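The block underneath contains the structure these notes are about, expressed in C-alpha cells.
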Protein chains: 2
Amino acid sequence: MFGDKENISTCDDFCIHEEVVQRAKQNMLKEEIVYDLADLFKVLGDSTRIKILRAISLEEMCVCDIASLFAISQSAISHQLRTLKNARLVKSRRDGKNIYYALDDEHVDLIINQGLEHILHQ
Amino acid sequence: MFGDKENISTCDDFCIHEEVVQRAKQNMLKEEIVYDLADLFKVLGDSTRIKILRAISLEEMCVCDIASLFAISQSAISHQLRTLKNARLVKSRRDGKNIYYALDDEHVDLIINQGLEHILHQ
DNA sequence: TGAACATATGAACAGTTAATCATATGAAAG
DNA sequence: CTTTCATATGATTAACTGTTCATATGTTCA
C-alpha cells in the first residue's frame, strides 16, 4: 500500500500541513534557477570580492590599482576578478598594458546595498 | 637598499592612478562590515538554504513540512535552519511538538528578489 | 627584436562547508 | 513515568574554495 513510494524518512506523512506545503510548492523556483541564484550569492560571499566590487563601484579601476588599494596580491586579485567576470558581475576592457574593470550592471550595487541594510539594521 | 618599505610585490608603485585609488579609499567599508556582509551572502550562497527561505517566504512552516517539500533529510534541514537563524535570516517559534520557522525580516526577500532579477535579465 | 611591465593562469595546499549517520533533547499523550 | 514523535546536535567525511608560488601571455617601448 505505502508500497513503491519510498519516503525520505522524515515525519512519516502525518505532521504535514498539506495546504501549506501545496502553497509553498506553487511558489517554488525551478531547480536551475535556484542553483544560479545560489551561485550568484556564493560569488558575493567572499570579503575580497566584496571589496573589489565596492572599489570599482564608483569608477573603473585597473588591476594594479585594486591590488594596491588592499593588502592583497596581484595574483589573488586576478583570480577573483575572473570569478567575478564569470558571474557577469564585472566587465573589463584593455587599454595598453592595463586592463580596467567595472561593474557589469547596476543590480550588483543594489544587491550589495540591500545586504548592507540588513547588516546595519541588525 | 629598497629598504624598509616591504611591498606586496605588485606593480611597483608606478602604474597607480593616485586619484582613483584615493576616491576608492574614501568609499571603502570598514573591515568588520565587509566580513559581515560576506558572511551574509555566504549564507545565501547555498541552494538548500535558498529553497528554505523561498518556502517560508509566503508563510511560516514547520521543519517537517519543509523537509517533505524537498528531497532533503530532516537533519540537513535542521542544520541549515540553524545556520539561517544564526545569520538572523529566520526566526522560530515552538507550538507543541512542532517548531515553526519564518523569515526574520523583509530584507531577506528583497535581497533574494534582487538576485533573481540579476539572474533572469542575464 | 628583446627587455620591462601588467595581467592571467595552473598546480598545490590549507581551510571551510554541507550532507549523513547516530544519538540527544524536549514536548505530548497515554 | 514511559513511549512516541518532532527537532536538534555532534562527529565524520567528501567536496569545494581562496591563496600562494611559479610561470605564461601579451603589450609597449627602446
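Lettering follows sequence order; numbering is per chain, from 1. On a predicted model such as this, the values are computed, not experimentally measured, just so you know.
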Restricting to non-hydrogen atoms, name the atom on [X] and the atom on [Y] that form the minimum distance, rounded to 0.1 Å.
X	Y	value
A:D104	A:R88	OD2-O, 3.1 Å
A:S57	B:N27	OG-ND2, 3.6 Å
B:L69	A:A24	CD2-CB, 3.6 Å
B:I111	A:G115	CD1-CA, 3.9 Å

For nucleotides 8-10 of chain D, print each protein N/O atom paired with a nucleotide N/O atom at under 3.5 Å, atom names and distance only.
| from | atom 1 | to | atom 2 | distance (Å) |
| --- | --- | --- | --- | --- |
| D:dA8 | OP1 | B:Y101 | OH | 2.5 |
| D:dA8 | OP2 | B:S78 | OG | 2.8 |
| D:dA8 | N7 | B:Q74 | NE2 | 3.0 |
| D:dT9 | O4 | B:S75 | OG | 2.8 |
| D:dG10 | O6 | B:H79 | NE2 | 2.7 |

Dump the pairs, protein N or O against N or O of nucleotides 26-30 of chain D, anything under 3.5 Å, distances to one decimal.
none

Using atom [atom1] of [X] as one end and atom [atom2] of [N] as the other, report the distance to the nearest whole Å.
X	N	atom1	atom2	result
B:M61	D:dT7	CE	P	11 Å
B:L84	D:dT7	CG	P	16 Å
B:R93	D:dT7	CZ	P	12 Å

**OP:** Please work out which residues in residues 33-55 of chain B have a non-hydrogen atom less than 4.0 Å from an atom of DNA chain C and list them by number.
**Re:** B:K42, B:D46, B:T48, B:R49

**OP:** Could you note down all residue pairs passing salt bridge (Lys or Arg N to Asp or Glu O under 4.0 Å) where residues 92-101 of chain A supplies at least one of them, sequence neighbours left out?
**Re:** A:E60-A:R93

Close N/O contacts between protein and nucleotides 12-14 of chain C (under 3.5 Å):
none

Original post:
B:E106: what forms a side-chain contact (heavy atoms from CB on, under 4.5 Å) with it, not counting sequence neighbours?
Top reply: none

Original post:
Looking at residues at least two apart in the chain, or sitting in another chain, which of them share a side-chain contact (heavy atoms from CB on, under 4.5 Å) with B:N86?
Top reply: B:R82

**OP:** Please name all residues satisfying salt bridge (Lys or Arg N to Asp or Glu O under 4.0 Å) with A:R23, sequence neighbours left out, ordered by chain then number.
**Re:** B:E59

Original post:
For B:E31, what residues pass the salt bridge (Lys or Arg N to Asp or Glu O under 4.0 Å) criterion, not counting sequence neighbours?
Top reply: A:K51

Original post:
What pairs of residues pass the ring-ring contact (aromatic ring centres under 6.0 Å, His included) test when at least one of them lies in residues 44-69 of chain B, not counting sequence neighbours?
Top reply: none

Under 3.5 Å, sequence neighbours excluded: what are the donor-acceptor pairs made by side chains of residues 40-48 of chain B?
| from | atom 1 | to | atom 2 | distance (Å) |
| --- | --- | --- | --- | --- |
| B:D46 | OD2 | B:T48 | N | 3.0 |
| B:D46 | OD2 | B:R49 | N | 3.1 |

**OP:** Check whether any side-chain N or O of A:N98 sits under 3.5 Å from a backbone N or O of A:C62 as a donor-acceptor pair, and report yes or no.
**Re:** no

Subject >> side chain to side chain donor-acceptor pair (under 3.5 Å) involving A:K85 - partner list, sequence neighbours excluded >> reply: A:S92

Original post:
For A:N98 and C:dT7, is the shortest distance between a side-chain N/O and OP1 or OP2 below 4.0 Å?
Top reply: yes

